[in-house]
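What follows is a single structure, written as structure tokens, with notes after it.
Quick note: numbers below take in every heavy atom, side chains included, and nothing from hydrogens, waters or symmetry partners. Just so it is clear: chains get the letters A, B, ... in the order the sequence lines come, proteins before strands, and each one is counted from 1.
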2 protein chains.
Amino acid sequence: MSQETTVHAKLRSMLLDGEFEAGTRLTEQSVCDLLGVSRTPVRAALLRLAAQNLVTGQSNRGYTVRGITVDDVWNANVVRAVLEGAAAGIVARNGLGAAAREVLEQSLADYGDLARHVELSDSFLERHAAANRVFHDALVSASGNESLTRSIDTLAYMPVQINRIVFASDRDFAVQTVQSGLAEHHGVVAAILSGDAMAAEILMRTHSQKALRGIDHVRGVLKLGPEFRQMPFHEFIGGVGVPGATG
Amino acid sequence: MSQETTVHAKLRSMLLDGEFEAGTRLTEQSVCDLLGVSRTPVRAALLRLAAQNLVTGQSNRGYTVRGITVDDVWNANVVRAVLEGAAAGIVARNGLGAAAREVLEQSLADYGDLARHVELSDSFLERHAAANRVFHDALVSASGNESLTRSIDTLAYMPVQINRIVFASDRDFAVQTVQSGLAEHHGVVAAILSGDAMAAEILMRTHSQKALRGIDHVRGVLKLGPEFRQMPFHEFIGGVGVPGATG
DNA sequence: CTTGGCTCATTTGTATACAATGGCGCGATT
DNA sequence: AATCGCGCCATTGTATACAAATGAGCCAAG
């Protein structure tokens, strides 16, 4: 792994974990000292982080950390839902290739197996996230629209695996979420196969928006008022005590 | 202007103008020789270009130029239309702030003035593009969703000002496009003010997709078959002889 | 003749020295 | 006392030397 990759990954997780106060200035040199590398890879990493909007860079005056609020994550997920919905619509319109269909059906099968035995073990959560990701990725890439694919990938810097948090906070909610998730996946595929683009888009958008409902559910568990949207995301996550949940 | 900015801008326009064959390898050193700067700014510029998908970079093996096809531009505009539609829907749902409303109405007025006296002069095309951009930008930023704003901005590296080409190729089409464009802008604003999110989204998406219709119109003018989608974009543009139309 | 590995050239990855830029504080002047 | 301007300092921007990695070509062995 190159130094630049290491620096980027490390800074990213530190930023998402809230290890820097929002507004803290990050000079290139300070990052060098912190991580023990030279300025060149640090510079490249900061450029990428700025492109992902995790830090803001002003010309000649370095970078400042941009705190991630719940609202930021919410907004990113709104956009993701819109884009994934559009992907489903495109696929329904253009038809589903044999290879993509294979992948989707396999992921439906895997997801179905999971839905029959919901647990809250780490291994289950891992497999669930994987199966879910396979479905979403397959759908998006089946659209054959590279701008779409890249736009969604760019959003992925934001923590989107809300499910782990939701699951850990409420078992009943978890069971219900997995099972309705399965049903929704099936519904999207059915709409695509029948060539109903509008249904596919709406169903997929609604499904993707579940992450938002998950956030709102956590808000309920934590008994927070509407001001929770302005909270630093890492505090919000910390409230339900799920280590590593920001991945 | 910093060297990095210069290098980026220069390479970008060269890439869009098709001055490099698709697949050409771009080593850092070759770009240095070409533009007479050292590797550091070149490196940064190539990173940005890779993020924008104008070149593809494989680890340790440099970059190769990725030809921009009509399809690429088409796909980028599909995504843009989806996102702008979503923005309109969000604004309709959340309401329009006084400041944003001001900007939108001013842009409607400006656009209305233009629509009454369509010409094909450079100055007119410039003012038309500006008024149009003001409307679209104001709408997107009124959504208050920064992920959305940034996603759209990221797409903007793709040539989206198809209008200039369309206009130059067919005066009647130009007049009709400007006037229906004005009507569509009004329709979107009306839907937003009445709080009809679905109408706002559909109207705005449909409106944004006009760029696609513009591309298709040019295809007709050039009497190209369906294979035109795989054409290098700069050749396609070159066909109607509009210098500087890729901006 | 084919295939395996080894060497070497090419090219990126990293470190560091130096230049330029912009902000901030201090002092002088009104 | 307030303001304007100047100079210093912090920090990024740039150049370049050196290290590391990857792929190609060659040679030898089977």
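B:Asp33 and B:Ser30 form no side-chain donor-acceptor contact under 3.5 Å, judged by distance and modelled atom types alone.
Across the protein-nucleic acid pair, B:Arg61 atom CZ and C:dT12 atom P stand 8 Å apart, rounded to whole Å. If you take CD of B:Gln29 and C1' of D:dT16, they are 11 Å apart, rounded to a whole angstrom. Rounded to whole Å, the distance from CZ on B:Arg25 to P on C:dT12 is 7 Å. Rounded to an integer number of Å, the gap from CG of A:Asp33 to P of D:dT11 is 11 Å. For A:Glu28 and C:dC18, the CD to P distance is 18 Å, given to the nearest whole Å. Atom P of nucleotide C:dT16 and atom CD of A:Gln3 are separated by 11 Å, given to the nearest angstrom.
A search for ring pair (Phe, Tyr, Trp, His ring centres under 6.0 Å) contacts involving B:His8 returns nothing, not counting sequence neighbours. With sequence neighbours left out, A:Phe228 forms a ring pair (Phe, Tyr, Trp, His ring centres under 6.0 Å) with A:Phe236. Partners of A:Glu28 by side chain to side chain donor-acceptor pair (under 3.5 Å), not counting sequence neighbours, listed by chain and number: A:Arg39, A:Arg43. Residues satisfying the side chain to side chain donor-acceptor pair (under 3.5 Å) test with B:Thr149, not counting sequence neighbours, are none.
Interface residues of residues 39-48 of chain A facing DNA chain C, ordered by number: A:Arg39, A:Thr40, A:Pro41; criterion, heavy-atom separation under 4.0 Å.
Toward the 5' end of DNA chain C, the nearer of the two residues B:Leu26 and A:Gly36, judged by each one's closest nucleotide, is B:Leu26.
Contact annotation: B:Gln58 does not reach the phosphate of C:dT11 (side-chain N/O to OP1 or OP2, under 4.0 Å).
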Show your working on side chain to side chain contact (heavy atoms under 4.5 Å, CB included) between A:Tyr63 and A:Thr56 and close with a plain yes or no.
-> CA-CA 5 Å; A:Tyr63 297 87; A:Thr56 65; over 6 Å; no
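The pair B:Arg127-B:Asp113 does not count as a salt bridge, with every side-chain nitrogen at least 4.0 angstrom from each carboxylate oxygen. Ionic pairing of B:Asp216 and B:Arg219 is present here: one or more N-O contacts between side-chain nitrogen and carboxylate oxygen are shorter than 4.0 angstrom.
Distance from the side chain of B:Ser38 is smallest to D:dA15 among D:dA15, C:dT12, D:dG13. Nearest nucleotide to the B:Thr27 side chain, out of C:dG23, C:dT12, C:dA15: C:dT12.
Comparing the end axes of the helix from C:dC1-D:dG30 to C:dT30-D:dA1, each fitted to five base pairs by superposing C1' atoms of four pairs onto the next four, gives an inter-axis angle of 10° (nearest 10 degrees).
With contacts defined as side-chain heavy-atom distances shorter than 4.5 Å, the pair B:His136/B:Met204 qualifies.
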